[in-house]
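Report on the following structure.
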Amino acid sequence: MSLPPYPVVCHTRGCPRPATFKLGAVWADGGTRELKTYSLCCPTCLPAELASARDRRELCRLAPGEELGPVCVFEMRSGTRDRELVRREELE
């Protein structure tokens with residue numbers, strides 16, 4: 001049984017707008033590869049959220065064998081898995 005869709009709102013404090021972007025970096029440890037999510041945000045909050053995500057990414061400490069790519073902007077779409085998200089390089 002699947003859950004009904006629910007609205008995803010921007011992570012910026014006080015912002016009521018729908019989130020349309022996912023900010024994330026590809027993390028891998030040699031056996032696993034996934035998207036580490038830093039934020040979900042609306043177009044208005046994107047610049048500030050992207051700067052904050054980049055700052056937080058720089059603070060990450062990695063174990064031997066781990067890799068963490070740069071923070072990227074992905075367009076969110078309902079029902080879409082991370083590996084299917086469209087990267088929006090022009091917004092980075």
Side-chain angles (χ1 to χ4, degrees):
M1 178 160 85
S2 63
L3 297 172
Y6 59 91
V8 178
V9 295
C10 182
H11 282 181
T12 303
R13 185 181 304 266
C15 180
R17 292 181 287 273
T20 54
F21 297 112
K22 182 176 213 172
L23 307 180
V26 175
W27 172 88
D29 70 354
T32 302
R33 180 181 166 94
E34 61 187 44
L35 187 62
K36 176 175 174 47
T37 302
Y38 284 93
S39 184
L40 305 175
C41 64
C42 70
T44 302
C45 298
L46 178 62
E49 286 293 313
L50 184 56
S52 174
R54 286 177 174 154
D55 289 344
R56 286 181 283 135
R57 188 248 177 249
E58 290 302 315
L59 296 175
C60 285
R61 288 186 251 161
L62 300 174
E66 288 183 319
E67 298 175 8
L68 184 60
V71 175
C72 302
V73 177
F74 298 91
E75 189 174 330
M76 288 180 43
R77 294 203 179 144
S78 180
T80 304
R81 298 186 182 277
D82 282 350
R83 66 179 174 269
E84 300 168 326
L85 294 176
V86 175
R87 184 173 172 191
R88 299 288 303 274
E89 290 182 65
E90 74 278 10
L91 299 175
E92 297 171 11

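Applying the side chain to side chain contact (heavy atoms under 4.5 Å, CB included) criterion to Arg83, with sequence neighbours excluded, gives Arg81. Taking Arg87 as the reference, Glu92 meet the salt bridge (Lys or Arg N to Asp or Glu O under 4.0 Å) condition, with sequence neighbours excluded. By the salt bridge (Lys or Arg N to Asp or Glu O under 4.0 Å) test, Asp29 pairs with no residue at all, sequence neighbours left out. Taking the side chain to side chain contact (heavy atoms under 4.5 Å, CB included) definition, one finds that Val8 meets it with Tyr6, Ala19, Leu40, Met76, sequence neighbours left out. In this structure Glu90 satisfies the salt bridge (Lys or Arg N to Asp or Glu O under 4.0 Å) test together with Arg88, sequence neighbours excluded.
Connectivity analysis of hydrophobic side chains (ILVMFWY, heavy atoms under 4.5 Å, direct or indirect) links Leu68 to Phe21, Leu23, Trp27, Tyr38, Leu46, Leu50, Leu62, Val71, Val73, Leu91.
Arg77 places no side-chain N or O within 3.5 Å of a backbone atom of Glu84 that could act as its donor or acceptor partner. Between the side chain of Glu58 and the backbone N or O of Asp55 there is no donor-acceptor pair closer than 3.5 Å.
The minimum heavy-atom distance between Ser39 and Glu49, with the atom names listed, is OG-OE1, 2.6 Å. A pairwise comparison of heavy atoms in Pro43 and Pro47 identifies O-CD, 3.9 Å as the closest pair. Scanning both residues, Cys15 and Cys42, for their nearest heavy atoms gives SG-SG, 3.8 Å. The nearest pair of heavy atoms linking Lys36 to Cys60 is CE-SG, 3.9 Å.
Side-chain contact between Asp82 and Lys22: present, with at least one pair of heavy atoms (C-beta onward) separated by less than 4.5 Å. Counting only heavy atoms from C-beta outward, the side chains of Cys41 and Arg17 never approach each other to under 4.5 Å.
Glu75 and Thr20 share no side-chain donor-acceptor pair at under 3.5 Å.
Here the straight-line distance linking atom CZ of Arg13 with atom SG of Cys45 works out to 12.5 Å at 0.5 Å rounding.
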